[in-house]
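Counting starts at 1 for both ligands and their atoms, following the listed order.
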Amino acid sequence: MKKSLVAYFSASGITAQLAKRLAQAIGADIFESVPQVLYTQADLDWTNKASRSTLEMRDKNCRPPLAHPVPDVSKYEVIFVGFPVWWYRQPSIIDTFVECCHFNGQTIVPFATSGGSGLGDAAKNIQALAPQTIVKEGKLWSRGAGALELKPWAEEYL
Ligand SMILES: Cc1cc2nc3c(=O)[nH]c(=O)nc-3n(C[C@H](O)[C@H](O)[C@H](O)COP(=O)(O)O)c2cc1C
């Protein structure tokens, strides 16, 4: 078994539940990317062109600061990176997390929840930000996915 980390961001708790289930199922460490400034309900309104999330996601260079330092990733071989799909890709704060980590050859496996759309270019985007890693395509999960599904999927990488 390779040593693994589940690193996630979740704005409304759905991905958080999944991430915790996954980490417990495979005995991984866990890290939550908490934004320095938490997202309010209004910030998350994707129907509002002027909401914080809309503005952040429109700017590919946006890097919302994290509240806590990232873990020392050198002790992990596999990192499962979880997030809600925002505007058909990974939220900007995932870019912050990935850029803050000092990778040296880890495998990154994205996973996400969404209202229906897939991960889009998330894997490709993360790979571009972390050239020192191998980024797998990853998987979209339904919010109710349980350990019985999560564990065998994750173990393919461990
Ligand atoms: C700003 C924003 C943008 C979103 N964009 C998408 C999208 O492009 N496609 C989709 O299927 N769902 C989208 N969603 C829905 C979330 O991906 C979905 O509700 C997710 O499960 C929330 O996870 P969380 O509770 O961990 O934050 C969006 C939600 C927000 C707040």
J.: Quick check on contacts: which atoms of ligand 1 are under 4.0 angstrom from a heavy atom of Trp46?
T.: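 Numbered from 1, ligand 1 contributes 2 (C), 29 (C), 30 (C), 31 (C).
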
J.: Is there a polar contact between ligand 1 and Phe9, counting only N or O atoms under 3.5 Å apart?
T.: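 No, there is no polar N/O contact under 3.5 Å.
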
J.: Can you tell me the protein heavy atom closest to atom 25 (O) of ligand 1 and the distance?
T.: Ser12 OG, 2.5 Å

J.: Just heavy atoms, cut-off under 4.0 Å: does Ser10 contact ligand 1 by side chain, backbone, both, or neither?
T.: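 The part of Ser10 near ligand 1 is both the backbone and the side chain.
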
J.: Applying side chain to side chain donor-acceptor pair (under 3.5 Å), run through Ser117 and Ser114 and close with a yes or a no.
T.: CA-CA 6 Å; Ser117 46; Ser114 81; 4.5 Å; no

J.: As an exercise, state the distance from NZ of Lys60 to CZ of Arg89, rounded to the nearest 0.5 Å.
T.: 5.0 Å

J.: For atom 21 (O) of ligand 1, what is the nearest protein heavy atom, given as residue, atom name and distance?
T.: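 Checking every protein heavy atom, the shortest distance to atom 21 (O) of ligand 1 gives Thr113 OG1, 2.7 Å.
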
J.: Could you tell me whether the side chains of Gln41 and Asp43 share a donor-acceptor contact shorter than 3.5 Å?
T.: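 Absent: no donor and acceptor within the cut-off.
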
J.: Tell me: protein heavy atom nearest atom 10 (C) of ligand 1, and distance?
T.: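 Here the nearest protein heavy atom works out to Ser117 OG, 3.0 Å.
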
J.: Does the pair Asp95/Arg63 count as a salt bridge with the N-to-O cut at 4.0 Å?
T.: yes

J.: Write out the residue and atom name of the closest protein heavy atom to atom 23 (O) of ligand 1, then the distance separating them to 0.1 Å.
T.: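 Looking at atom 23 (O) of ligand 1, the protein heavy atom closest to it is Pro84 CB, 3.2 Å.
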
J.: Does either side chain, that of Gln17 or that of Tyr8, offer a donor lying less than 3.5 Å from an acceptor on the other one?
T.: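 Short answer, no.
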
J.: Please report which non-hydrogen protein atom sits nearest to atom 6 (C) of ligand 1, along with the residue it belongs to and the distance in Å to one decimal place.
T.: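 Ranked first by proximity to atom 6 (C) of ligand 1 is Val85 O, 3.2 Å.
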
J.: Check ligand 1 against Gly116 and write out every atom of the ligand that is under 4.0 Å from a heavy-atom position of the residue.
T.: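 Selected atoms, number and element: 11 (O).
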
J.: Of the choices Tyr39, Trp87, Tyr88, Phe83, which has the non-hydrogen atom that lies closest to atom 5 (N) of ligand 1?
T.: Trp87

J.: Starting from atom 2 (C) of ligand 1, which protein heavy atom do you reach first, and at what distance in Å?
T.: Trp86 CD1, 3.5 Å

J.: Does Leu44, backbone or side chain, put an N or O under 3.5 Å from an N or O of ligand 1?
T.: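 Looking only at distances, the answer is no, because the N/O contact criterion of under 3.5 Å is not met.
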
J.: Taking all non-hydrogen atoms of both residues, which atom of Glu137 and which atom of Leu119 are closest, and how far apart?
T.: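 Residues Glu137 and Leu119, closest heavy atoms: O-CD2, 3.9 Å.
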
J.: Take atom CD of Gln36 as the centre, draw a 6.0 Å sphere, and report whether it contains more than 12 heavy atoms from other residues, nucleotides or ligands.
T.: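 For Gln36, atom CD is crowded (more than 12 foreign heavy atoms under 6.0 Å).
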
J.: Quick one: does Gly115 get an N or O within less than 3.5 Å of an N or O on ligand 1?
T.: yes

J.: Between Lys75 and Asp29, is the closest basic N to carboxylate O distance under 4.0 Å?
T.: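 Judged by the 4.0 Å cut-off on N to carboxylate O distance, Asp29 and Lys75 do not form a salt bridge.
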
J.: Of Leu5, Leu158, Ile108, Ile134, which meets side chain to side chain contact (heavy atoms under 4.5 Å, CB included) against Val78?
T.: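 Running side chain to side chain contact (heavy atoms under 4.5 Å, CB included) over Leu5, Leu158, Ile108, Ile134 with Val78 returns exactly one hit, Leu158.
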
J.: Test Phe9 against every option in Phe97, Trp86, Phe83 by the ring pair (Phe, Tyr, Trp, His ring centres under 6.0 Å) rule and name the one that passes.
T.: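 Between Phe9 and the candidates, ring pair (Phe, Tyr, Trp, His ring centres under 6.0 Å) is satisfied uniquely by Trp86.
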
J.: Please check if a non-hydrogen protein atom sits closer than 4.0 Å to atom 8 (O) of ligand 1.
T.: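 Under 4.0 Å from atom 8 (O) of ligand 1, at least one protein heavy atom found.
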
J.: Which protein heavy atom lies closest to atom 1 (C) of ligand 1, and at what distance to 0.1 Å?
T.: Ser53 OG, 3.4 Å

J.: Is it the case that ligand 1 has an N or O less than 3.5 angstrom from some N or O of Ala11?
T.: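 Yes, at least one N or O pair falls under 3.5 Å.
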
